[in-house]
Each structure stands twice: as structure tokens, then as C-alpha cells.
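Residue numbers begin at 1 in each chain, while the letters A, B, ... track the order of the sequences. All values reported here derive from a predicted model rather than from experimental measurement.
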Amino acid sequence: MPEGPSIVILKEAIARFNRKKVIKATGNAKIDMKRLENKTIRSIRSWGKHLLICFDDFYLRIHLLMFGTYRINEQKTTPLRLGLQFKNDTLNFYTAAIVLIDGSPDDYYDWSADVMNDKFDTRKALKKIRALPDEMICDVVLDQEIFSGVGNIIKNEILFITRIHPESRAGNIPAAKMRALVKTAVGYSFDFLKWKKAFQLKKHWLAYAKKKCPRCNIPLHKEYPGRKKRRSFFCDNYQVRY
DNA sequence: AGTCATGTTGACGA
DNA sequence: CTCGTCAACATGAC
């Protein structure tokens with residue numbers, strides 16, 4: 001379910017609940033449900049993989065992790081994590097990590113790190129990366145403080161598109177190549193959004209979950225490199241190890 | 001039926 | 001204190 005673009009789709013899907021009053025809140029989320037009742041939603045935002053439902057002086061941070069789902073005016077049979085009842089509608093979340101946080105998201109988030117945000121700042125991202133020269137690029141790309149919203153699918157695709165071997169150390173990658181990677185992280189995330197909305201995401205995958213390199217026609221490696229040990233698909237021939 | 005995965009956090013021991 | 005490893009959470013596709 002959840003990389004940044006999928007959370008943007010969720011945000012858009014529930015945008016109509018903005019300025020609506022929560023009549024009742026239920027579910028097994030470990031938050032004070034009473035705090036939500038009779039409160040009006042003031043904005044619905046996102047930061048990377050975080051969905052933010054904001055009220056006057058607090059907000060809900062909803063993270064779908066790996067298996068999180070939601071339903072509008074429907075319910076699943078799995079345990080309800082959080083259900084928000086409005087006058088004529090219900091919004092249900094399942095298997096999500098939900099926290100109620102006092103204050104405004106502006107007090108906490110660096111919007112310039114979110115690849116889906118207009119405020120994303122390439123220069124700041126490059127500066128953050130320069131501080132991590134010994135890290136493998138496959139780990140750097142998943143660093144949510146630098147590339148908030150980038151997940152394992154986007155990681156694999158942008159390293160393939162830019163022809164960077166996932167085990168390359170960040171400090172060894174030429175500046176122009178590094179800049180291209182950051183630009184591609186943003187550009188591909190919006191492609192992901194467009195394709196996902198059209199239910200055409202999978203058919204655009206070049207490396208993720210693929211067996212063969214679409215450029216060289218040789219088998220792709222499938223390994224779990226770096227600190228994060230997330231699945232990496234790569235071609236020894238097409239991708240350069242820096 | 002067992003394995004695996006678009007994710008993150010916290011406990012624990014070296 | 002830091003590092004790495006593991007468990008936990010929990011669902012559904014294959």
C-alpha cells in the first residue's frame with residue numbers, strides 16, 4: 001500500500017472530510033478517542049508516508065506501514081484500528097500506526113524533504129547526502145529525512161533508471177550523477193502517482209520484482225544489501241558501481 | 001501451506 | 001554510547 005504517492009492518493013480520497021466534524025471515534029488505536037469527538041478537521045496533509053489529519057491544536061499521524069488499509073463508508077472484517085464517524089460518512093483505518101500529537105505538523109516536519117511536496121529542495125537533499133559519504137546509496141535513498149516518501153519500489157526503480165549500483169557508496173558518486181538521482185526521485189514519484197491512479201503501476205516497473213534486465217536481457221541480481229537489508233534488484237552490467 | 005513483502009520501532013546484547 | 005540483530009506488528013498474494 002504505502003509509498004509517498006499512495007499516501008497522496010489517500011489524502012485526495014479523503015479530502016472531502018476536511019472541515020467536517022467527527023461525531024464519534026472508535027477502534028483499538030491507543031489514543032484518546034474522546035479527544036476527537038465533536039472536533040472539526042481543519043486540514044488533511046501528508047509528509048512522505050505520513051498522513052496527517054489536523055485539528056485545531058493537535059493532529060493524527062497515520063502510518064500504514066506495510067499492510068495498512070482504509071475504507072470509506074465500508075468496513076473490513078479485520079479489527080478496526082480507527083474509525084471516524086461523520087454526519088453522513090465513515091472513514092476506517094486498519095493495521096495502521098496512529099499517534100495523536102499536540103501542536104501543528106509545522107512544528108515537527110521538514111517539508112523540504114518530502115519528494116511529493118512543492119517545497120522539496122534538491123540542494124538541501126544533496127547537502128544531507130554529502131554528510132553521509134560512507135553510506136550505501138540503497139540506504140541513503142530510503143532515508144526518510146532526505147527522501148521522505150521514497151520506498152523500496154521507488155528506490156529500485158530510480159537506481160536502475162539512473163544506472164547506479166545500489167551498493168555504491170554515496171561519497172563515490174559523481175556530483176552530476178547524484179543530482180540526477182535526486183531529480184529522478186522526485187520525477188519518478190510523480191510518475192508513480194500517475195500510474196498508480198491509472199492502475200498501471202506494475203507494468204512500468206523496470207527492475208523491481210523483475211527477473212531480467214530490460215536493457216541487457218541478462219538475469220538481475222536480487223540481494224539485500226546495506227544496513228537496511230531491503231530487497232534490491234540490479235544489473236551488474238547496466239548499473240555502475242561507484 | 002509456507003514464504004515473502006510497497007515499513008517502522010524498540011529491546012537487547014556485544 | 002553505539003552498533004547490529006532480532007522481534008513485533010499484521011495482511012494478503014502467490
Side-chain angles (χ1 to χ4, degrees), chain A residues 1-13 27-31 46-52 60-71 74-83 92-101 105 108-110 113-116 131-132 134-136 138-161 166-167 169 184-211 220-234:
Chain A
M1 187 64 230
E3 296 195 26
S6 299
I7 302 307
V8 169
I9 291 171
L10 164 55
K11 177 172 68 175
E12 292 174 357
N28 61 18
K30 295 188 173 34
I31 59 172
S46 63
W47 181 82
K49 300 166 191 172
H50 298 201
L51 175 72
L52 310 170
L60 292 174
R61 184 189 77 196
I62 299 174
H63 200 305
L64 299 184
L65 299 174
M66 200 84 104
F67 311 127
T69 51
Y70 61 96
R71 292 289 187 274
E74 289 177 13
Q75 56 187 34
K76 302 214 308 172
T77 53
T78 52
L80 178 64
R81 179 59 44 82
L82 175 65
N92 292 323
F93 292 96
Y94 304 88
T95 328
I98 300 178
V99 186
L100 190 158
I101 299 167
Y108 300 91
Y109 288 107
D110 173 8
D114 178 3
V115 295
M116 301 304 294
L132 303 170
D134 299 329
E135 296 297 315
M136 283 187 188
C138 58
D139 287 327
V140 172
V141 161
L142 288 175
D143 186 330
Q144 299 299 293
E145 298 301 318
I146 305 175
F147 294 104
S148 174
V150 169
N152 206 36
I153 296 173
I154 296 174
K155 176 197 82 177
N156 276 286
E157 291 300 301
I158 66 178
L159 290 177
F160 184 83
I161 290 166
E167 292 175 341
R169 301 286 166 176
T184 303
V186 174
Y188 184 83
S189 294
F190 283 92
D191 286 341
F192 183 122
L193 174 64
K194 175 181 66 187
W195 292 329
K196 178 121 187 161
K197 282 179 173 176
F199 304 101
Q200 291 183 343
L201 181 60
K202 288 187 185 183
K203 81 174 193 185
H204 288 281
W205 288 345
L206 298 173
Y208 181 78
K210 293 296 190 180
K211 296 266 194 273
L220 285 178
H221 286 268
K222 174 189 167 189
E223 291 174 23
Y224 296 77
R227 298 174 189 275
K228 294 191 163 75
K229 295 185 169 29
R230 301 294 302 280
R231 239 180 7 155
S232 288
F233 299 87
F234 58 90

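When side chains are defined from C-beta on, A/K197 counts as touching A/I9, because their heavy atoms get closer than 4.5 Å. Between A/E145 and A/D110, every side-chain heavy-atom pair lies at or beyond the 4.5 Å cut-off. Using a 4.5 Å cut-off on side-chain heavy atoms (C-beta onward), A/L60 and A/L82 make contact. Here the side chains of A/N92 and A/Y70 are not in contact, with every heavy-atom distance at 4.5 Å or above.
You'll find that the side chain of A/R230 is closest to B/dG7, out of C/dT11, C/dG4, B/dG7. Among the nucleotides B/dA5, B/dT8, B/dT6, the one closest to the side chain of A/E3 is B/dT6. Here the side chain of A/T95 is nearest to one of B/dG7, B/dA5, C/dT11, namely C/dT11. Residue A/H63 has its side chain nearest to B/dG7 when only B/dG7, C/dT11, B/dT6 are considered. Comparing B/dA5, C/dG4, C/dT11 against the side chain of A/T78 picks out C/dT11 as the nearest. Comparing B/dA5, B/dT8, C/dG12 by their closest approach to the side chain of A/K76 singles out C/dG12. Taking every side-chain heavy atom of A/N152 into account, B/dG7 is the closest of B/dG7, C/dT5, B/dA5.
Side-chain N/O atoms of A/R231 include none lying less than 4.0 angstrom from OP1 or OP2 on B/dC4. Contact annotation: A/Y94 side-chain N/O to C/dT11 OP1/OP2 distance is not under 4.0 Å. At the phosphate of B/dA5, OP1 or OP2 sits under 4.0 Å from a side-chain N or O atom of A/K222. Within the 4.0 Å cut-off from OP1 or OP2 of C/dT5, at least one side-chain nitrogen or oxygen of A/K229 is found. At least one side-chain nitrogen or oxygen of A/K49 sits closer than 4.0 Å to the OP1 or OP2 atom of B/dT8.
With hydrogens and angles disregarded, no donor-acceptor distance shorter than 3.5 Å links the side chain of A/E167 to the backbone of A/G226.
For the strand DNA chain C, secondary-structure stems (runs of at least three Watson-Crick or G-U pairs, all distances below 3.5 Å) span B:2-5 with C:11-14, B:7-14 with C:2-9.
By the 6.0 Å contact criterion, CD on A/E223 is enclosed, its count of non-hydrogen atoms from other residues, nucleotides or ligands being greater than 12. Within a 6.0 Å radius of NZ in A/K76, more than 12 heavy atoms belonging to other residues, nucleotides or ligands are found.
Between A/L142 atom CG and B/dA5 atom P the separation is 14 Å, expressed in whole Å. We find that CZ of A/R61 is positioned 11 Å from P of B/dT8, with the value rounded to whole Å. To the nearest angstrom, C1' of B/dT8 lies 12 Å from CG of A/L64. Computed from coordinates, the A/I62 CD1 to B/dG7 C1' distance equals 16 Å when rounded to whole Å. Straight-line distance from the CD atom of A/Q144 to the P atom of B/dT8: 5 Å, rounded to whole Å. Distance CD1 (A/I153) to P (B/dA5): 12 Å, rounded to an integer number of Å. Atom OH of A/Y224 is separated from atom C1' of B/dT6 by 13 Å (rounded to the nearest Å). Atom CH2 in A/W47 sits about 12 Å away from atom C1' in B/dT8, given to the nearest Å.
Checking A/R81 against A/K202, the closest nucleotide of DNA chain C that is more toward the 5' end is the one next to A/R81.
In this model, a donor atom of one side chain and an acceptor atom of the other lie less than 3.5 Å apart for A/K155 and A/S232.
Partner of A/Y188 under the ring-ring contact (aromatic ring centres under 6.0 Å, His included) criterion, out of A/W195, A/F147, A/F160: A/W195 alone. Just one of A/R169, A/K228, A/R227 meets the salt bridge (charged side-chain N to carboxylate O under 4.0 Å, His left out) condition when paired with A/E135; it is A/R227.
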Protein-nucleotides 11-14 of chain B N/O pairs closer than 3.5 Å?
none

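No salt bridge links A/K196 with A/E3; every basic N to acidic carboxylate O contact stays at or beyond 4.0 Å.
With both ends at atom P, the span from C/dC6 to B/dA5 equals 16 Å, rounded to whole Å. Across C/dA7 and B/dT3, the matching P atoms stand 15 Å from one another, rounded to whole Å.
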